[in-house]
Amino acid sequence: MTAISAEQHLEHIRLGVLGSPFYAGNDDALRSAPSDLLDGHAYAGEVQPLVDRGILGTDPVGPRDRTLGNTVSWYFTDEGMELARSWLAPAHEAGPQP
């Protein structure tokens with residue numbers, strides 16, 4: 001398996017959010033979208049730049065729930081929620097994409 005950039009992971013999240021009606025209008029679901037879409041798909045080190053930029057936050061994961069050896073699960077911070085909501089805004093209201 002080759003490393004995937006943080007931006008590629010962010011795009012993976014964006015496409016997943018856009019591809020599911022589950023996230024529109026449901027802030028609780030939207031906040032947890034990174035974990036839903038990345039668990040089993042991303043290594044923590046690959047996603048760390050998104051944490052460093054304040055887009056994602058982390059929660060510890062117990063040993064029985066770890067995928068790919070990750071010790072954390074991800075969620076959108078308040079800044080990340082603004083970005084994610086912009087993805088869901090109608091095209092005429094949406095700002096620039098990352």
Quiz item: Do NZ/NE/NH1/NH2 and the carboxylate oxygens of Arg31 and Asp78 come within less than 4.0 Å?
Solution: yes

Quiz item: Should Ile4 and Leu15 be counted in the same cluster of Ile, Leu, Val, Met, Phe, Trp and Tyr side chains packed under 4.5 Å apart?
Solution: no

Quiz item: Is it true that Met81 and Tyr75 fall in one hydrophobic cluster, defined by side-chain heavy atoms closer than 4.5 Å?
Solution: no

Side chain to side chain donor-acceptor pair (under 3.5 Å) partners for [X], two or more places apart:
X: Thr77; answer: none
X: Gln48; answer: Asp52
X: Asp27; answer: Arg85

Self-check item: Audit row: Ile13, Trp74, side chain to side chain contact (heavy atoms under 4.5 Å, CB included) steps and yes/no
Solution: CA-CA 11 Å; Ile13 296 168; Trp74 302 282; over 6 Å; no

Quiz item: Could you give the distance from CG (Asp36) to OH (Tyr23), rounded to the nearest 0.5 Å?
Solution: 4.0 Å

Exercise. Would you give the length of the straight line joining atom CG of Leu83 to atom CZ of Arg53, rounded to the nearest 0.5 angstrom?
Key: 8.5 Å

Exercise. Could you pull out the closest heavy-atom pair between Ala24 and Leu88, with the gap in Å?
Key: CA-CD1, 4.0 Å

Quiz prompt | Which atom of Gly54 lies closest to which atom of Glu79, heavy atoms considered | solution = O-CB, 3.7 Å

Self-check item: Ser32 (side chain) donor-acceptor with Ala29 (main chain) under 3.5 angstrom
Solution: yes

Quiz item: Has the side chain of His12 got a donor or acceptor atom that lies under 3.5 Å from a matching backbone atom of Leu38?
Solution: no

Exercise. Could you give me the CA-CA distance, side-chain angles and deciding distance for Val47 and Val72, then say whether side chain to side chain contact (heavy atoms under 4.5 Å, CB included) is met?
Key: CA-CA 11 Å; Val47 178; Val72 298; over 6 Å; no

Quiz prompt | Non-hydrogen side-chain atoms of Leu56 and Leu10 separated by less than 4.5 Å | solution = no

